[in-house]
Protein chains: 2
Amino acid sequence: MTPSTETPKLTKNQTLVYKALKSAEEPLSAYSILDQLRDDGFRAPLQVYRALDKLIEFGLIHRLESINSFVACRHPDCGTHEMVAFAICESCNRVIEITDDAMASNLASLARDNGFSVSRSTIELRGLCDACRVH
Amino acid sequence: MTPSTETPKLTKNQTLVYKALKSAEEPLSAYSILDQLRDDGFRAPLQVYRALDKLIEFGLIHRLESINSFVACRHPDCGTHEMVAFAICESCNRVIEITDDAMASNLASLARDNGFSVSRSTIELRGLCDACRVH
DNA sequence: CTCCAAAACGTTATGTTATTACATCCGTTG
DNA sequence: CAACGGATGTAATAACATAACGTTTTGGAG
Ligand SMILES: [Zn+2]
Ligand SMILES: [Zn+2]
Ligand SMILES: [Zn+2]
Ligand SMILES: [Zn+2]
């Protein structure tokens, strides 16, 4: 959740995985990334998972828990927000990143009212984007 | 997300799985439930997954996406709320269910502002419960 | 009660997602 | 050069989830 502030000098594998995610319209699973990168020499899941871990650490990509997939960050300043919500369209699979400081502080204080101190959050909304809703 | 309104007359397998979850302090994975129920005749994952699906449909249990586990509902009236947030303690693993109509409508309208229409939500907060925070 | 259809169940096999373990490579530093 | 840490390659395995198929149970309709 809290991305590192270091300059992300990416390695070869990290670059390949990041490019795959950046050029995808939808979130990708680790294994579909692996399939895409066979020609680039990827042979095993671990090559993908290791790169994914680093990219998440750098704040360049996000993991979507509810669909076991990964997406490139397209939000201007994710790093400056405590919580990010992801709206995942069930028709076109595209993802919208939503940040809102009021929402974040409301949710955190709601948790605190319930005797809980939040360190990281998973907020994933499923439904339809406007483009898909009008058919 | 929208639980059925039918009277949940549980079958034998559903009852066993539900009891396992109700008597657990923490969320359980499908396979740990399977292990617990070996002596009751459970032999295959599908017996567990089928029961879990029905129990979710009845609104008796919840699935926690971020930890691939399941927990018995302990909220008085989950069924009357659109969204439920789960606070999962990273120390004791206990789960607190949180509902708040203002939070739900804020999140839904925030999504709406971002061109998205929510049908169901996954809100999972990680951190420490008060009991664990004081050591 | 008998028959039927839907739901639940049992079992095997398979598909999908993620990690452990260990050896090797490679660039930086001293 | 030697030592070190980070990154990589590879194989094996663990953990999570579903497909496919046949049988059994259950709850009405007649
Ligand atoms: Zn982002
Ligand atoms: Zn869409
Ligand atoms: Zn509940
Ligand atoms: Zn705790």
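By convention in this document, chain letters (A, B, ...) are assigned in the order of the sequence lines, proteins followed by strands, and residues within each chain are numbered from 1. Below, all heavy atoms of this structure are taken into account, side chains as well, without hydrogens, waters or symmetry copies.
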I want to verify a distance call: between D/dG9, C/dT17, C/dT11, whose nearest atom is closest to the A/Q47 side chain? D/dG9

Quick one: closest heavy-atom pair of B/N114 and B/L110, and the distance? ND2-O, 2.8 Å

Is there a donor on the side chain of A/Y31 or the base of C/dA18 sitting less than 3.5 Å from an acceptor on the other? yes

D/dA7 OP1/OP2 closer than 4.0 Å to side-chain N/O of A/K54: yes

So if I take every side-chain heavy atom of B/Q14 and compare against C/dC9, C/dA18, C/dT12, which nucleotide ends up nearest? C/dC9

Looking at the base of D/dG6, is there any donor atom on it, or on the side chain of A/R50, that sits under 3.5 Å from an acceptor on the other one? no

Can you tell me if the side-chain N/O atoms of B/S29 get under 4.0 Å from OP1 or OP2 in D/dA15? no

How far apart are the closest heavy atoms of A/R74 and A/E97, and which atoms are they? N-OE2, 3.1 Å

Side chain of A/N68, heavy atoms from C-beta onward: which of C/dC22, C/dC9, C/dA18 has the nearest atom to it? C/dA18

Reading DNA chain C from 5' onward, which residue's closest nucleotide shows up sooner: A/I67 or B/F42? B/F42

May I ask you to check whether B/H62 and B/F86 place their ring centers less than 6.0 Å from one another? yes

With respect to the side chain of B/L46, which nucleotide from C/dT20, D/dA20, C/dA18 is positioned closest? D/dA20

